[in-house]
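Note sheet for the following structure.
Reckoned from all heavy atoms, side chains included, excluding hydrogens, waters and symmetry mates. Convention: sequence-line order gives letters A, B, ...; per-chain numbering from 1.
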Amino acid sequence: MSFAHEQVLPVAGGFGSLLPGGGLRRGSVVHLGGAVGSAALVAPLLAAATAVGEWAAVALLDDTFGALAAAEADVALERCAVVRRVPAERWATVVGALLEGFTVVSAVVPPHVRLGDARRLVARARERRAVLIAWRGAWPAEAALRIEAGASRWHGLERGDGLLAGRELTVVVENKGVSRTARLEMPLGTSLGSIVVAPVEAITTAPVTPAALAG
Amino acid sequence: MRADERALRTACVRIADWPVLCAVHAHPELRDRPVVVLERSGPREIVRAMSAAARASGIRVGMRRREAEACGVALHAIDVDLASEARRFEEVARSIESLTPRLELDVPGRLSFPTRGPARYFGGDAALVGRVHDTLTALLGADAAAVRVGIADGRFAARLAAREARSHADPDGRASFVVAPGESAAFLAPFPVAALGDPGFAELLERLGLVTLGDFANLAPPDVLARFGHDGVRCHDLARGVDATPLDLSTPPPDLVESFEFDPPAKRVDTAAFAAKALADRLLARLADRGLGCTRVRVEAETEHGEQLARVWRHEGALTPAALAERVRWQLDGWLAAVGPAAGVVEGDVRGQQDLAALADLELDSPTGALVLLRLVPEAVVPGRGRQLGFWGGDAAATDRADRALGRVQGMLGFDQVGTCVVQGGRTPAEQIAFIPWGEPREPRRPVQVGGEIAVWPGRIPAPAPGRVFDPPVRAELVAADGSAIRVNGRGEVGDDLAVLRCAALPDGGGRVVGWAGPWLHDVRWWDRQARRRRAVFQVLVAAAGPERGAVACLVAVERGRAALDAVYD
């Protein structure tokens, strides 16, 4: 037996406020997609694990993990393992092994993952009370939460002048069939923990509500 | 080896199959029959000890009752009676106490003591061993054949020596084995790592190809610390024949001593044991508050007639409240038996036949009277590292789990593909991160701080850092409006306005440049003619396709007129 708040790894800042319960529910699978922008969202999710002394792992098909950006987002790099160049044919085995030992496993999904493998990983995550973040690729199995990084707007850069400063990232969070679109303001700060603390400008609920129909 | 690392010369006295001896003592008709002593472990009964006849038929410790019964002999199964084991062992402790006052009990059936004083007094280790055998033969009679004595440097080596003693028995059947001073490391070397008594750790060592204690002992202590942490160092010390347990400490501060006064005096064992449980909990909680665990505790009691009783119990690793309470209870049982109505009778003892329930009801109406005071004194404390739980269960166990998982993945993918990252000095995001394979020390190649000051890297790309870093960079095309490649001259002047960035790693292959900054000029290794590189790095904002009119920020380096994508602000 454990309390509800013990089953959620709290995610800091405005991004956390978009997630049900304010964070990652242990034992669940989160799909995190988007052409560009998902790395800015995966870092606070990894930090949610390392902030409470647990371990996080990142599994990549290549070797492009921006660890410096993760460090800026308050990820404790000494408790964040990186597994790189995972071959697609051994991906499910590797991710399964990582779920045995890590609280949050963020794995880039290779193309053509078999449904059976994906389901097994969902079951493994539930059994080990770990969080599997199926990152970037298409996830054939069920996911408790689907997060999509949308377009980014950048501040501070002009033609030949200025510096990259802040960023506005559109995020769509789909939870139990209800999707919310929000714009995350990420001003440049000393740490991404403060960057993500930002007002959520617009929240729209995708399914039409009875109230909207009445109006 | 440091001077203070010398292990204390220790004797270990072990009585083989002690539970069986106790059981046979209680049921003399079972002598020389196949006997197993069973203990309950969850829903099943498992074998705790067996007699020589049972061992000969293939029965081993840890077997389930049914497995043991399937070995094809007419077994006599007896339930474990820890109280009677402890009670009878107290007699053994008392008789050894006539040789040396500094006894430490590990479990019923095994005790150890430092030999320096008694060996000098009796004229050497061999003479001391003889004395121990004489004493125990007088006490145990025929059962003394099961006594094993080992003497070595350090408790761990002494324990293994006692285990080896059987094959070094003298013609009279007295089993003893003395490891010469300074020879303990060599004596330990051929033992398998499983002898360390930590199955998980032993398995890890075996997977790493370290099969014997000697293999493990050959590692350099700093490497062991880096790879296995403090528990690993403790095991490494044992394997090297260095006793990790600190030598006799001075008197611990009085506020760490827990005592309980019985008012009215405790006349029954179960009353005293109940208080002992609370006392054990309180003592260990107080120690845990200070981040300490206890490995050796002295149990002291006073009777209403002013007699003082004391006995030291020792434990491998820190004692848990349950383990401590159990030891205190054993000790109380032992004392009560000694001061009980039949005190003084050794041969033809009727006490062994009393079962636990009868003992609990036994009133302390002996000449020494009831207990008025029970005191627990922590004699040796260790940092209680493994027991400091963090939030959400984050603790050393989490590290162990992660370590095992990474070890397995390293086995699948190769040593170099699994590790952690560490921030180091450098200019570009790729340079500022070092990937450290798991198991190697996490040290950056270029320290971030030099002499307490943060090292300055001219031309370092300012924050934020990009989320996706390509190392090596991906080829790209950075062109001006007229389609010519962007060039940067030696003074860092950009010829044209940047118009288009094309790269396979960008979504939709890149696009129109809507903003840019830079260049940051990197003159890398300018002191080395061969390795010198000059490059200019731009932050570039590329318009993304799609209705939302977003943009993708990236880092592009131009080197010798060729552009390459360094990173994407993913």
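Looking at B:Arg468, the atoms closer than 4.5 Å to chain A (heavy atoms on both sides) sit in the backbone and in the side chain alike. For a residue to count as touching a neighbouring chain, one of its non-hydrogen atoms must lie under 4.5 Å from one of that chain's; by this rule B:Pro507 touches chain A with the side chain only. Heavy atoms closer than 4.5 Å to chain A are found in the side chain of B:Val409, but not in its backbone. For A:Arg84, the parts sitting under 4.5 Å from any heavy atom of chain B are the backbone and the side chain alike.
In terms of non-hydrogen atom pairs under 4.5 Å with chain B, the most contact-rich of A:Leu77, A:Leu163, A:Val83, A:Val58 is A:Leu77. For the set B:Gly419, B:Gly414, B:Gly515, the entry with the most heavy-atom pairs within less than 4.5 Å of chain A is B:Gly419. Each of B:Pro519, B:Gly467, B:Ala567 has some count of heavy-atom pairs under 4.5 Å with chain A, and the biggest count is that of B:Gly467. Heavy-atom pairs under 4.5 Å with chain A were tallied for B:Val422, B:Ile433, B:Leu498, B:Asp471; the largest tally goes to B:Ile433.
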List the steps and the verdict of side chain to side chain contact (heavy atoms under 4.5 Å, CB included) for A:Glu100 and B:Arg404.
CA-CA 9 Å; A:Glu100 295 281 333; B:Arg404 273 195 290 277; over 6 Å; no
Run A:Ser152 and B:Val552 through side chain to side chain contact (heavy atoms under 4.5 Å, CB included) and show every step you take.
CA-CA 7 Å; A:Ser152 294; B:Val552 179; over 6 Å; no
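If you take CH2 on B:Trp516 and CG on A:Asp161, they are separated by 9.0 Å, rounding to the nearest 0.5 Å. The distance from the CG atom of B:Leu406 to the CG atom of A:Leu98 is 7.0 Å, given to the nearest 0.5 Å. Interatomic distance, A:Glu158 CD to B:Leu541 CG, rounded to the nearest 0.5 Å: 11.5 Å.
Annotation for B:Thr420 and A:Ala81: closest pair CG2-CA, 4.1 Å, computed over non-hydrogen atoms. When all heavy atoms of B:Cys421 and A:Val82 are compared, the pair lying nearest together is SG-CG2, 3.9 Å. Listed here is the closest heavy atom pair of B:Ala405 and A:Ala97: CB-O, 3.5 Å. Closest approach of B:Met412 and A:Thr93 over heavy atoms only: SD-CG2, 3.9 Å. Between B:Gln432 and A:Leu68, the shortest heavy-atom contact is OE1-CD2, 3.5 Å. Between B:Asp570 and A:Arg136, the closest heavy-atom pair is OD2-NH2, 2.6 Å.
Shown here is B:Arg446, whose CZ atom has more than 12 heavy atoms of other residues, nucleotides or ligands within 6.0 Å. Crowding of B:Arg512 atom CZ: a count of heavy atoms from other residues, nucleotides or ligands under 6.0 Å not exceeding 12.
Cation-pi geometry between B:Arg401 and A:Phe102 is not satisfied (NZ or CZ under 6.0 Å from the ring centre, within 45° of the ring normal).
With contacts defined as side-chain heavy-atom distances shorter than 4.5 Å, the pair B:Phe435/A:Phe65 does not qualify.
The aromatic ring centroids of A:Trp55 and B:Trp438 lie less than 6.0 Å from each other.
Listed for the A:Glu72 side chain is a donor-acceptor partner under 3.5 Å among the backbone atoms of B:Ala465. Formation of a donor-acceptor pair under 3.5 Å by the B:Gln539 side chain with backbone atoms of A:Leu164 is found in this model. B:Arg408 contributes no side-chain N or O that, together with a main-chain N or O of A:Val94, makes up a donor-acceptor pair within less than 3.5 Å.
We find that A:Arg85 and B:Asp416 are not joined by a salt bridge, their nearest charged nitrogen and carboxylate oxygen being 4.0 Å or further apart.
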